[in-house]
Colleague: 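Below is a structure I'd like to ask you about.
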Amino acid sequence: MKHLISPLDLNKTEIDELIAIGNKMYENPKDYSSICQGKKIATLFYEPSTRTRLSFEAAMLNLGGNVLGFSSADSSSAAKGESVADTIRVISAYADIAAMRHPKEGAPMVASQHSSIPIINAGDGGHNHPTQTLTDLFTIKRLKGRLDNLTIGFCGDLKFGRTVHSLVQTLARYYTNIKFVFISPEELTIPSYLKKEVLEDNNIPFCEVRLLDDAIADLDILYMTRVQRERFFNEEDYVRLKDFYILTNAKLKSAKEDMLIMHPLPRVNEIATEVDEDPRAVYFKQAELGVYIRMALICRLLGLL
Amino acid sequence: MLNIGGLQDGIVLDHIVCGGAMAIYSYLELDKYDCTVAIIKNAKSKKMGTKDMLKIDGLADINLDVLGVLDPNITIDVIKNGVIIEKRKPLLPKEVTGIIKCQNPRCITSIEQGIKHKFKLVNETTGLYRCVYCEQAFKRRHG
């Protein structure tokens with residue numbers, strides 16, 4: 001049995017296969033509407049989430065399966081002090097597969113060590129979020145037609161953004177001719193270990209710029225993230241810098257006609273709502289596609305496809 | 001100048017970064033052995049300026065694996081009949097379980113009962129270890 005704890009648990013062939021299954025499911029959902037009949041997914045969410053939890057639940061329901069679980073630590077036995085190991089031992093007897101979100105980094109890995117059912121990491125603190133990475137890859141492949149030969153700009157909070165780190169690592173490891181452009185204030189630059197160990201050591205080209213305007217014209221994909229006020233050392237810096245990272249129609253004027261604008265959501269104000277009407281804005285489509293790649297993953301981990 | 005006599009049979013851990021000897025004494029759990037141990041701090045060193053040393057009397061069966069994790073620049077001298085019969089650098093174990101602790105407060109090891117802290121060697125050249133759970137790099141206090 002296999003779990004999905006880190007995006008790098010999957011090799012390139014496995015990712016490509018999941019994308020292929022996701023495509024089939026997206027195009028012919030009825031063909032898969034009862035494949036998980038009699039199966040249950042446990043969604044173990046120790047902290048709040050809207051998209052990810054509902055996306056897993058929608059995925060299982062689309063496959064004809066059932067859902068059980070909890071949506072905060074307060075409504076689980078964690079509030080009584082139960083360990084992750086004990087919880088998963090019990091849940092293993094109730095469900096066929098589990099998706100776990102936990103504020104502590106590494107919690108899904110602990111669960112996988114004590115589980116007799118497949119565990120999917122649905123986000124562990126600021127660490128990994130592999131199904132968001134799969135969603136991002138699926139979106140790029142579906143809408144761009146390729147995962148190689150791309151210039152990808154990441155904009156906003158690149159220091160703490162786990163979705164950015166995971167996507168950079170996965171693209172860098174498995175796909176060729178990728179160029180990364182990191183657009184962030186100095187306080188929120190991409191961590192040095194990623195630059196050194198993932199990019200420089202593998203001769204993968206990248207550059208860092210401070211302003212979106214300086215980079216947008218070259219990009220095939222612009223991956224926006226939220227700049228969070230609490231990450232800044234002082235309010236002055238936040239006020240000074242935040243507007244540089246708000247995407248507007250005016251900023252998009254110099255972008256390529258076929259550039260994709262992606263965002264893991266939730267969006268606060270970093271993408272002006274006027275951009276939503278632009279055909280290049282695919283972040284809501286991205287959230288929709290997340291359901292299908294999770295359907296593919298559930299079936300794979302259950303050994304059904 | 002303080003003089004500490006040479007060993008007849010024993011182990012000398014040399015070239016410990018200044019201030020690191022006590023931590024290494026503790027990690028090796030030398031307090032649990034009956035042998036005599038000399039902790040030498042701030043000794044003069046041509047190579048390092050100043051250094052720490054540990055002299056362990058007797059060839060006790062001490063597990064030295066952890067040394068590579070704590071300070072890979074240490075030199076291990078094994079002495080028998082007053083002669084150095086082996087001089088080597090510590091090995092870098094592929095995995096270290098239950099010896100060093102993850103310092104990341106967001107790591108599951110900070111709250112989960114009964115879990116052993118575990119680190120993996122991820123870069124042999126730099127001797128970098130990462131927690132297997134949260135992937136936080138182990139920061140050496142010394143070395």
Side-chain angles (χ1 to χ4, degrees), chain A residues 3 5-9 44 46-47 73 76-89 100-115 119 121-130 159-160 162 165-166 168-169 173 191-198 200-202, chain B residues 17 20 23 27 63 65-74 89-143:
Chain A
H3 310 281
I5 305 302
S6 153
L8 300 179
D9 288 348
L44 314 175
Y46 289 80
E47 62 179 10
S76 79
S77 52
K80 297 173 189 164
E82 186 175 52
S83 67
V84 168
D86 283 3
T87 301
I88 203 64
R89 283 186 184 109
M100 174 183 279
R101 169 165 291 190
H102 201 288
K104 291 290 183 185
E105 299 168 6
M109 177 178 270
V110 172
S112 72
Q113 292 167 346
H114 300 276
S115 173
I119 301 293
N121 180 0
D124 58 337
H127 186 213
N128 279 321
H129 194 354
K159 184 176 183 182
F160 299 99
R162 63 184 172 191
H165 303 171
S166 292
V168 168
Q169 281 181 302
R173 178 175 288 199
S192 54
Y193 81 88
L194 273 176
K195 284 189 276 185
K196 175 77 181 72
E197 294 171 31
V198 177
E200 284 171 4
D201 287 357
N202 296 296
Chain B
V17 169
Y27 276 112
N63 183 354
D65 288 351
V66 69
L67 288 177
V69 185
L70 299 173
D71 184 349
N73 298 317
I74 288 174
K89 290 289 179 190
L91 300 172
L92 293 170
K94 299 275 182 211
E95 273 190 9
V96 190
T97 304
I99 298 172
I100 52 174
K101 287 194 170 178
C102 182
Q103 300 298 322
N104 176 7
R106 298 177 308 278
C107 180
I108 186 65
T109 54
S110 67
I111 58 161
E112 182 80 354
Q113 307 152 28
I115 194 169
K116 281 194 172 171
H117 291 245
K118 195 170 171 183
F119 284 77
K120 255 189 187 169
L121 178 65
V122 293
N123 188 322
E124 288 188 20
T125 315
T126 60
L128 179 68
Y129 285 83
R130 287 193 185 278
C131 171
V132 298
Y133 297 103
C134 70
E135 296 182 88
Q136 176 107 333
F138 173 67
K139 284 189 185 147
R140 295 180 173 93
R141 275 184 296 173
H142 308 284

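Everything numeric here is computed off the predicted structure, so don't read it as measured data.
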Colleague: Rounded to the nearest 0.5 Å, what's the gap from CD1 on Ile74(B) to NZ on Lys89(B)? Could you check?
Modeller: 8.5 Å
Colleague: Name the orientation class of the two ring planes belonging to Tyr46(A) and His102(A) (parallel below 30°, tilted from 30 to 60°, perpendicular beyond 60°).
Modeller: tilted
Colleague: What is the distance from atom NE2 of His114(A) to atom CD1 of Ile115(B), rounded to the nearest 0.5 Å?
Modeller: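 Here the interatomic distance stands at 6.5 Å.
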Colleague: If contact means a heavy atom pair closer than 4.5 Å, which residues of residues 98-109 of chain B contact chain A?
Modeller: Asn104(B), Pro105(B), Arg106(B), Cys107(B), Ile108(B)
Colleague: I need the contact set between residues 116-128 of chain B and chain A: heavy-atom distance under 4.5 Å, sorted by residue number.
Modeller: Leu128(B)
Colleague: Contact part of Pro103(A) toward chain B, heavy-atom cut-off under 4.5 Å: side chain, backbone, both or neither?
Modeller: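 When you check distances to chain B, only backbone atoms of Pro103(A) fall under 4.5 Å.
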Colleague: Would you call His129(A) and Arg101(A) a side-chain contact if the rule is heavy atoms closer than 4.5 Å?
Modeller: yes
Colleague: When rounded to the nearest 0.5 angstrom, what distance separates NE2 in His127(A) from NE2 in His165(A)?
Modeller: 11.0 Å
Colleague: With rounding to the nearest 0.5 angstrom, report the OH to CD distance, Tyr133(B) to Gln113(A).
Modeller: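 Result: 4.0 Å between the selected atoms.
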Colleague: Can you list every pair that meets ring-ring contact (aromatic ring centres under 6.0 Å, His included) and has a residue in residues 96-116 of chain B, with sequence neighbours left out?
Modeller: none
Colleague: Only counting residues at least two apart or in another chain, list the ones meeting salt bridge (Lys or Arg N to Asp or Glu O under 4.0 Å) with Arg173(A).
Modeller: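 For Arg173(A) there are no salt bridge (Lys or Arg N to Asp or Glu O under 4.0 Å) partners, ignoring immediate neighbours.
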Colleague: How far does CD of Gln136(B) sit from CD of Glu105(A), to the nearest 0.5 angstrom?
Modeller: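 It is 7.5 Å, given to the nearest 0.5 Å.
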Colleague: With chain B as the partner, which of Asp124(A), Asn128(A), Val84(A) has the greatest number of non-hydrogen pairs under 4.5 Å?
Modeller: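 Looking at each of Asp124(A), Asn128(A), Val84(A) in turn, Val84(A) comes out on top.
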Colleague: Checking side-chain polar atoms at under 3.5 Å, does Ser83(A) have a donor or acceptor matched by the opposite partner on Gln113(B)?
Modeller: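 Side chains of Ser83(A) and Gln113(B): no pair found under 3.5 Å.
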